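Okay, so here's the structure we're looking at.
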Amino acid sequence: MGGKNSHHPQYFPLSTFHLPLFLEASLSDLPPVRVRFAPSPTGRMHLGSARTALYCYLLARRTAGTFILRIEDTDRKRYVEGAEQELIDGLHWLGLNYDEGPDIGGPSGPYRQTERRAIYQKWADKLVEDGHAFHCFCTAERLEQVRQEQQKNKQNPRYDGTCRSIPLSEAKKRVAAGEKHVIRFKMPTEGETRAVDVMRGEITWQNKDLDDTVLLKSDGLPTYHLAAMTDDYEMRITHVIRGSEWLSTFPVHVNVIRALGWPEPTWMHLSVFLKPSGKGKMSKREAADAIKDGHSIFVMDLKDLGYTPEGVLNWIVLMGWGVAEDDVMTLDQMVERFSINNLNPSPAAINFTKLDHFNGTHIRLMSTEELAGRIKPFFERAGYSVDEGILLKLTPLIRERLVTLDDSIPFGGFFFQPTVSPAAADLIAKDLTPAQSAEVARRSLDILSKLPDLSHASAEPPMRQYVEESGLQPNQVFGILRVAVTGQKVSPPLFESMEIIGREKVLERVQNAIKLLESL
RNA sequence: GCCCCCAUCGUCUAGUGGCCCAGGACGGGGCCCUCUCAAGGCCCAAACAGCGGUUCGAGUCCGCUUGGGGGCACCA
């Protein structure tokens with residue numbers, strides 16, 4: 001079954017669904033696909049990329065196919081140092097392990113486009129020889145001028161065709177003479193182009209609306225339109241999953257492929273993610289606001305914030321893909337259920353509240369050992385030296401209180417502190433005076449100190465009895481003790497916490513609280 | 001401006017002509033549980049953008065309108 005490289009634990013949510021046997025059988029009916037996630041290293045890995053990669057992964061595993069990572073680094077101006085590594089780290093963190101890629105190699109490499117330039121040059125030349133493309137010697141300055149002119153005249157900005165009619169023999173001479181040039185695709189000027197996107201059906205363009213797109217730049221590197229098509233052909237990609245920003249250049253791509261006589265892959269263009277308001281896509285400003293809010297659209301930020309791969313994956317998989325019920329899923333369960341027929345083409349607004357929900361849900365689904373291992377680094381990052389024994393004991397106590405792994409600090413940090421320093425005001429129970437609160441603390445100390453051991457089981461009954469006899473509210477008595485022992489007003493359950501902290505420290509902390517209250 | 005895409009509760013979505021006075025999830029409201037905070041259980045409010053067709057029958061098919069989105073580079 002899918003997810004053969006998955007790091008994810010095998011667990012099933014409470015709402016687990018049972019996969020019918022006939023569905024299992026149908027897995028083998030789907031021919032194995034070859035899909036690629038092809039990001040460009042021009043910035044940080046965000047949610048949109050992560051979802052595209054996820055769907056690629058799901059389709060590959062679902063069909064026992066191949067998932068490839070390819071780096072589209074042909075834009076040297078926008079290249080960002082470290083971006084490729086962040087992409088790789090992000091995929092590994094999410095558990096979307098690929099079968100072929102720049103760092104692990106594979107039979108159809110290299111997997112970085114800058115290492116494949118000869119291949120593109122070869123196919124660009126073929127396009128020119130066959131009359132499907134031409135050398136263009138226009139300067140960027142002239143083109144810019146033409147564009148402005150066209151806009152002024154309310155015309156559509158497009159290439160004006162100047163070099164289209166230069167005879168090939170003359171063009172070759174100018175190229176040989178070292179004249180700077182690009183290679184443009186010779187788009188048909190009449191008729192229409194039709195192509196099929198599995199999510200939307202057939203789309204039709206009038207060829208007269210299409211432009212003579214640049215395929216090979218003057219630096220000898222290809223544009224996306226040539227590079228991606230060539231690599232998809234050379235790497236025998238069967239299904240192209242990409243963002244809907246490619247829809248507008250879709251006709252260029254199919255025309256290039258058809259001119260070269262290559263087989264056409266199955267296409268699907270994923271909708272964009274909109275900002276939480278649903279008005280427009282995420283901008284730099286919204287990204288900054290999200291971070292202020294404890295959220296982020298960047299994958300590796302989410303990791304640092306304490307989100308889990310399970311939570312993030314579950315969240316983004318449902319933005320653009322719907323399941324009838326049981327929407328809590330592990331990666332392996334997504335593989336079992338995934339189908340490209342259920343993809344939704346409409347844009348989806350990002351909803352961080354839902355991420356919080358899925359993250360908390362997956363945290364609650366983890367075994368104690370698993371969760372302890374996940375929160376340990378967060379305690380260490382916060383400066384605590386972590387005692388494994390205590391860690392294992394506190395984990396079940398804080399599990400259902402966590403939204404992010406980082407929430408472990410406020411809920412469990414005090415377990416690793418030698419002392420606590422409660423605020424005096426917090427030690428005073430609701431409707432009680434400092435003196436009365438001190439009395440409650442003294443009586444509690446008296447009860448607790450008489451116990452041979454201090455455990456949840458031994459401490460709760462006598463304390464409950466005291467509450468009963470005193471006529472006080474449970475939360476008045478337990479509240480004072482909670483603040484005395486944990487140093488905070490909100491904590492995991494009191495008696496379980498005291499058991500972990502230990503008799504000696506508990507008594508000491510209650511004594512300190514009494515002193516503090518008496519000094520008021 | 002031009003081209004293309006999209007349109008079910010606030011949000012993510014199920015729905016492939018009768019099973020839908022539209023189902024699930026998040027969020028919201030209420031109740032229960034309760035030593036705080038949570039978690040959990042039960043319940044409630046909340047949508048087929050509008051208008052025309054097609055059909056015995058339309059959320060589901062077609063057209064228009066409106067709204068939203070993407071793109072119009074020697075960027076991906």
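Quick caveat, the model's predicted, so the values are computed rather than measured. So that the names make sense, note that chain A is the first sequence line, chain B the second, and so on, each numbered from 1. Both backbone and side-chain heavy atoms feed into the values below; hydrogens, waters and symmetry mates do not.
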No-hydrogen, no-angle side-chain donor-acceptor test under 3.5 Å, [X] and [Y]:
X	Y	answer
S458(A)	S455(A)	yes
R242(A)	H269(A)	yes
N344(A)	S271(A)	no

Query raised in the report: Is the shortest side-chain N to carboxylate O distance from R78(A) to D75(A) below 4.0 Å?
Result: yes

Requested in this report: Identify whether the distance between the nearest side-chain nitrogen and carboxylate oxygen of R258(A) and E264(A) falls below 4.0 Å.
Outcome: yes

Suppose you measure atom [atom1] in [N] against the same atom in [M]; what distance do you get, rounded to whole Å?
N	M	atom1	answer
C31(B)	A22(B)	C1'	27 Å
A49(B)	A58(B)	P	15 Å
G28(B)	A46(B)	C1'	9 Å
A7(B)	G59(B)	C1'	12 Å
A25(B)	C37(B)	P	25 Å
G23(B)	G15(B)	C1'	8 Å
C48(B)	U11(B)	P	12 Å
C2(B)	A14(B)	P	33 Å

Query raised in the report: On the ring face of F37(A), is R70(A) found with NZ or CZ under 6.0 Å from the centre and within 45° of the axis?
Result: no

Answer with base, sugar-phosphate or nothing: what part of the nucleic acid does [X] contact at a heavy-atom distance below 4.0 Å?
X	value
P492(A)	base
R364(A)	sugar-phosphate
E141(A)	nothing
C136(A)	nothing
G360(A)	nothing
T74(A)	sugar-phosphate
P222(A)	sugar-phosphate
S271(A)	nothing
S491(A)	base
I203(A)	sugar-phosphate
N342(A)	sugar-phosphate
W315(A)	nothing

Taking only the side-chain heavy atoms of [X] (C-beta and beyond), determine which of [options] contains the nearest atom.
X	options	value
E72(A)	C35(B), C74(B), A76(B)	A76(B)
F411(A)	A39(B), C75(B), C37(B)	C37(B)
K281(A)	G70(B), A76(B), C74(B)	G70(B)
F495(A)	C5(B), C35(B), A76(B)	C35(B)
N475(A)	C35(B), C74(B), G71(B)	C35(B)
N156(A)	G68(B), C2(B), C72(B)	C2(B)
V490(A)	C37(B), A76(B), C35(B)	C37(B)
V182(A)	C35(B), C74(B), A38(B)	C74(B)

Do any side-chain nitrogens or oxygens of [X] fall under 4.0 Å of OP1 or OP2 in [N]?
X	N	answer
R147(A)	C72(B)	no
S248(A)	C5(B)	no
R158(A)	C72(B)	no
N344(A)	A14(B)	yes

Query - Closest-nucleotide 5' rank along RNA chain B - winner of P493(A) and P345(A) - result: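 The residue closer to the strand's 5' end, by nearest nucleotide, is P345(A).
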
Query raised in the report: Of G320(A) and G201(A), whose nearest nucleotide on RNA chain B comes first from the 5' end?
Result: G201(A)

Calculate the interatomic distance between [X] atom [atom1] and [N] atom [atom2]; express it in whole Å.
X	N	atom1	atom2	answer
R78(A)	C74(B)	CZ	P	13 Å
M199(A)	G69(B)	CE	C1'	14 Å
R142(A)	A73(B)	CZ	P	15 Å
F250(A)	G69(B)	CZ	P	23 Å
H225(A)	C75(B)	NE2	C1'	8 Å
D209(A)	C5(B)	CG	C1'	15 Å
L365(A)	G40(B)	CG	C1'	14 Å
L216(A)	A76(B)	CG	P	11 Å

Out of curiosity, [X] [atom1] to [Y] [atom2], how far, rounded to the nearest 0.5 Å?
X	Y	atom1	atom2	answer
L454(A)	I447(A)	CG	CD1	11.5 Å
L494(A)	H456(A)	CG	NE2	9.0 Å
Y111(A)	L69(A)	OH	CG	10.0 Å

Query - Over 12 non-hydrogen atoms of neighbours within 6.0 angstrom of CD in E469(A) - result: yes

Query raised in the report: Do R200(A) and C5(B) share a donor-acceptor pair, side chain to base, under 3.5 Å?
Result: no

Query - Base C6(B) paired with S346(A) side chain (donor-acceptor, <3.5 Å) - result: no

Query raised in the report: Stepwise, does the side-chain contact (heavy atoms from CB on, under 4.5 Å) test hold for I501(A) with F414(A)?
Result: CA-CA 9 Å; I501(A) 292 165; F414(A) 65 87; 4.0 Å; yes

Report task. Tell me, with the steps shown, if S408(A) and R401(A) meet side-chain contact (heavy atoms from CB on, under 4.5 Å). Result -> CA-CA 9 Å; S408(A) 305; R401(A) 282 158 246 270; over 6 Å; no

Query raised in the report: When you check every protein heavy atom under 4.0 Å of nucleotides 23-28 of chain B, what one-letter string (B, S, -) results, 5' to 3'?
Result: BSBSS-

